[in-house]
2 protein chains.
Amino acid sequence: MLRHFKAEFFKTLGHPTRIRILDALRDGELTVGDLQQRLKAEQSAVSQHLAALRSRDFVHARRVGTSVWYSVADAAIWELLDIARDIYERQLSSNRAMFEALQ
Amino acid sequence: MLRHFKAEFFKTLGHPTRIRILDALRDGELTVGDLQQRLKAEQSAVSQHLAALRSRDFVHARRVGTSVWYSVADAAIWELLDIARDIYERQLSSNRAMFEALQ
DNA sequence: CATGAATATTCGAATATCATAATGTAGCCT
DNA sequence: AGGCTACATTATGATATTCGAATATTCATG
């Protein structure tokens, strides 16, 4: 049942904080503390969302001393985010065109 | 807040039935009845999932007589599904390699 | 080995999602 | 108008997610 995988896959992407984490990791590896600061989110929340991303192999974790560095496991994940943005923008302009046609 | 959009966007993809609907529509326009049959799902469920896909502009609906034909609004949506599959397969083979290394 | 720093996990209540069942609506056809 | 077909919507109980608080773990250092 590959469909279930795909659904779980996308469901994991279906949270603003997790999207923000992945976007932040475009710049390279970051620690949990870095992510907390950038996202201005609770420690627990960041850690829980990272756990979700880890369990689906969206990110890799690398321990150095007491801190853990996270990175995106597969660069194709950013392709997904970019295609999503493209679709969004096409929707926007199509809606705008429809709106203007009604004027 | 574009992140929220992206999250909602992916959340909409985060259900097996909705993935199956989008995959079924690769062959072209289908009516709700067609989809019911192909997915062997309840009428209400199909209709509700279509409503979810409609609300996010994943699909277009076109009424002809008493039936409604659905189609995918933006072909880039299949790109998303395909990239997701690619990532999945890479994960699989990476896990397999790791497993074999442990033998 | 006691302490502190960084991160993870567990717990609980609030909220969201889902499936099923029931009801509503819109367009034929006679 | 009345009935039928094809969909859509609403209601409701069950399950899943999410957040913040509390607690636990892991590692370095004195």
Side-chain angles (χ1 to χ4, degrees), chain A residues 1 3-25 28-73, chain B residues 1 3-25 28-73:
Chain A
M1 296 283 91
R3 302 284 163 51
H4 273 75
F5 163 76
K6 273 191 194 164
E8 290 300 315
F9 181 94
F10 286 120
K11 203 189 294 183
T12 303
L13 291 175
H15 192 287
T17 302
R18 293 195 288 267
I19 296 283
R20 301 216 296 147
I21 288 174
L22 294 174
D23 271 334
L25 292 176
E29 255 186 342
L30 292 174
T31 69
V32 181
D34 295 337
L35 287 166
Q36 268 179 253
Q37 279 195 285
R38 292 210 188 191
L39 311 192
K40 290 181 176 52
E42 296 267 338
Q43 180 266 327
S44 174
V46 174
S47 202
Q48 287 184 70
H49 287 302
L50 283 170
L53 292 170
R54 238 183 312 137
S55 78
R56 284 283 156 196
D57 284 326
F58 277 87
V59 295
H60 280 152
R62 184 171 69 89
R63 175 149 223 143
V64 178
T66 81
S67 55
V68 177
W69 292 82
Y70 278 89
S71 56
V72 165
Chain B
M1 296 282 94
R3 301 285 164 51
H4 273 75
F5 163 76
K6 274 193 194 165
E8 290 299 316
F9 181 94
F10 286 120
K11 204 189 294 184
T12 304
L13 291 176
H15 193 288
T17 302
R18 294 195 287 266
I19 297 283
R20 299 216 297 147
I21 289 174
L22 295 174
D23 271 334
L25 292 176
E29 254 187 343
L30 293 175
T31 69
V32 181
D34 295 338
L35 286 166
Q36 269 180 254
Q37 279 195 287
R38 293 210 186 193
L39 311 192
K40 291 182 176 53
E42 297 266 338
Q43 180 266 326
S44 175
V46 174
S47 202
Q48 286 184 73
H49 287 301
L50 283 169
L53 292 170
R54 236 184 313 139
S55 78
R56 284 284 158 195
D57 284 326
F58 277 87
V59 295
H60 280 153
R62 184 172 68 90
R63 175 150 222 143
V64 178
T66 80
S67 54
V68 177
W69 293 83
Y70 278 90
S71 56
V72 165

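Chain naming here is simple, since letters A, B, ... match the order of the sequence lines and numbering starts at 1 in each.
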Looking at B/Leu53, B/Ile21, B/Asp23, B/Leu22, which one forms a side chain to side chain contact (heavy atoms under 4.5 Å, CB included) with B/Val72?
-> B/Leu22

Measure the distance from CG on B/Leu39 to P on D/dC7 and round it to the nearest whole Å.
-> 13 Å

To the nearest Å, give me how far apart CD (A/Gln36) and P (D/dC19) are.
-> 14 Å

Pairwise 5' ranking along DNA chain D for A/His15 and A/Gly65, keeping only the more 5' one | A/His15

Establish, with yes or no, whether the OP1 or OP2 oxygen of C/dT17 is under 4.0 angstrom from a side-chain nitrogen or oxygen of A/Lys11.
-> no

Protein-nucleotide distance (B/Gln43, atom CD; D/dT5, atom C1'), rounded to Å | 11 Å

Donor-acceptor pair under 3.5 Å: do we get one between B/Gln48's side chain and the base of D/dA8?
-> no

Distance test, side-chain N/O of B/Thr31 to OP1/OP2 of D/dC7, below 4.0 Å = yes

Could you check whether A/Ser44 gets within reach of a base, just the sugar-phosphate, or nothing at all, counting any heavy atom under 4.0 Å?
-> base

When the nearest nucleotide of DNA chain C is assigned to B/Arg63 and to A/Arg63 on a heavy-atom basis, which residue is associated with the more 5' position?
-> A/Arg63

Rounding to a whole Å, what distance do you find between B/Arg62:CZ and C/dG27:P?
-> 15 Å

How close or far is atom C1' of C/dA16 from atom CD of B/Glu8, stated in whole angstroms?
-> 11 Å

Can you find an N or O donor on one side and an acceptor on the other, under 3.5 Å apart, linking the side chain of B/Glu42 with the base of C/dA21?
-> no

Round to the nearest Å and state the distance from A/Leu53 atom CG to D/dT18 atom P.
-> 11 Å

So what does A/Ser47 touch, heavy atoms closer than 4.0 Å: a base, only the sugar-phosphate, or nothing?
-> base

Is the phosphate of D/dA6, meaning OP1 or OP2, less than 4.0 Å from a side-chain N or O of B/Tyr70?
-> no

Closer than 4.0 Å, any side-chain N/O of B/Arg18 to the OP1 or OP2 of C/dC18?
-> yes

Under the ring-ring contact (aromatic ring centres under 6.0 Å, His included) criterion, do A/Phe9 and B/Phe10 qualify, and how do the steps go?
-> CA-CA 9 Å; A/Phe9 181 94; B/Phe10 286 120; 8.4 Å; no

Say whether B/Ser44 and B/Gln48, considering side chains only, have a donor N or O and an acceptor N or O under 3.5 Å apart.
-> yes

Taking all non-hydrogen atoms of both residues into account, name the closest pair between A/Arg18 and A/Ala52 and its distance.
-> CD-CB, 4.1 Å

Give a yes/no on whether any side-chain N or O of A/His49 is located under 4.0 angstrom from OP1 or OP2 of D/dC19.
-> yes

Under-4.0 Å side-chain N/O to phosphate OP1/OP2 contact, B/Arg54 with D/dT9 | yes

Flag for A/Arg62-A/Tyr70: side-chain donor and acceptor within less than 3.5 Å | no

Starting at CG of B/Asp34 and ending at P of D/dA6, how long is that distance when rounded to a whole Å?
-> 11 Å

Roughly how many Å is it from CD in A/Glu29 to P in C/dT7, rounded to a whole number?
-> 12 Å

